[in-house]
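Chain A is the first sequence line, chain B the second, and so forth, proteins listed ahead of strands; every chain is numbered from 1.
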Protein chains: 2
Amino acid sequence: MAVNASRKPVLDGKECDMSGWDMNNCPVRDVLDRIAGKWSTLLLGALARQPYRFGELRRLVPDISQRMLTQTLRDLQRDGYIEREVFPTKPPSVEYRMTDLGRSLFEPLSKVLLWAEANHPSVKAARVKYDESELA
Amino acid sequence: MAVNASRKPVLDGKECDMSGWDMNNCPVRDVLDRIAGKWSTLLLGALARQPYRFGELRRLVPDISQRMLTQTLRDLQRDGYIEREVFPTKPPSVEYRMTDLGRSLFEPLSKVLLWAEANHPSVKAARVKYDESELA
DNA sequence: AACGTTGGTCTCAAAAAGAGACTAGCACTA
DNA sequence: TAGTGCTAGTCTCTTTTTGAGACCAACGTT
């Protein structure tokens, strides 16, 4: 059974020690399950820049359905990341803007987005390599 | 139509200027759609600590199905975040460990996890507030 | 001989997401 | 004045994704 070789921690604990985390029923999951959706980060990224109206967001993210746009915005609002304000124009217009909590979340989150942008080539290369070794 | 009030940028551009990002067909989406899955961050968090075998991961995350565990690990492997090594024991055992790319991703990602842990109370409070105002 | 262990795959049911029609009230146009 | 478009959604239907659980083969243990 002594098969496994190097089981040293990858992070040194100063960076982020999550050894005490209970994977089941843990606050991190509770929060992350919401912001990990397909559209959440995208909308947070947009609203971090400036407030937008419903239709503006729809045009900004062309391949989102109205259904998912509504639902994702509701979820983000419920968790306190964005605010919704209705202006009594005819027809009524609705503006979404980030809250302080949302901004606070987006600070570390933006670092991940920047990492994704910077390392996209590496990921694409890894995919090609994997796919080549698979068809063998 | 001059309804919308404050449309000033939320971030000052030094933090993270993504105003030039194309929301559609953008590298960030391509990378993020993979790590934004329900189980991805959880598995990355575990493997950031140390290498694990298939069965160990399954026990570590009790409510994941074998099917999704297999699939998520494959996806993470394909994108180059983790490595898979088969040991020719009987029955064969398989170990998963993080790559350098995975560790590089987990650095900013862990900051988001820490944020989630720290701000869980705020999020829960926001949910309660939202739900109360809804049933009115 | 029966059972547990390994890391999966396969099938079927349930949940989630996408596509598109539909709404109301007003403004603008023909 | 009738027709059209705008707003921010909701409702229904179909497709995709996910979850639950059975099954596999070969070996070790009891």
Please report the shortest heavy-atom distance between A/L105 and A/L44, naming the atom on each side. CD2-CD1, 4.0 Å
State, to 0.1 Å, how close A/S104 and B/N119 come at their nearest heavy-atom pair, and which atoms those are. OG-OD1, 4.3 Å
Is there a side-chain polar atom (N or O) of A/R58 under 4.0 Å from OP1 or OP2 of D/dT7? no
I need the minimum non-hydrogen distance between B/L47 and B/Y96, along with the two atoms involved. CD2-O, 3.4 Å
Roughly, in whole Å, what's the span from CG in A/L57 to C1' in D/dA8? 12 Å
D/dA8 phosphate, OP1 or OP2: any side-chain N/O from A/Y52 under 4.0 angstrom? no
Protein heavy-atom contacts under 4.0 Å, written 5' to 3' over nucleotides 17-30 of chain D as B (base), S (sugar-phosphate only) or - (none), form the string -BBB-B----S---
Any carboxylate oxygen within less than 4.0 angstrom of a Lys/Arg side-chain nitrogen, looking at B/R127 and A/D30? yes
Distance check needed: C/dT9 P versus B/L69 CG, whole Å only. 11 Å
Minimum-distance nucleotide (side-chain atoms of A/S93 versus C/dG8, D/dG9, D/dT7): D/dT7
Residue pair A/M98 / A/A48: nearest heavy atoms and the distance that separates them: SD-CA, 3.7 Å
CD of A/Q77 versus P of D/dA8: gap in Å, rounded? 15 Å
B/R84 side chain N/O closer than 4.0 Å to the phosphate oxygens (OP1, OP2) of C/dG7? no
Under a 4.5 Å cut-off applied to non-hydrogen side-chain atoms, are A/L43 and A/L69 in contact? yes
Distance check needed: C/dG8 P versus B/E56 CD, whole Å only. 13 Å
Integer-rounded Å distance: D/dT16 P and B/D33 CG: 17 Å
Quick one: are A/V86 and A/R84 in side-chain contact, heavy atoms under 4.5 Å? yes
Under the side-chain hydrogen bond (donor to acceptor under 3.5 Å, both in side chains) test, residues paired with A/D33 that sit two or more places apart: none
Over its full length, what angle do the end axes of the helix from C/dA1-D/dT30 to C/dT23-D/dA8 make, each axis taken from five pairs and the result rounded to 10 degrees? 30°
Can you name the nearest heavy-atom pair linking B/L32 to A/A116, along with the distance? CD1-CB, 4.0 Å
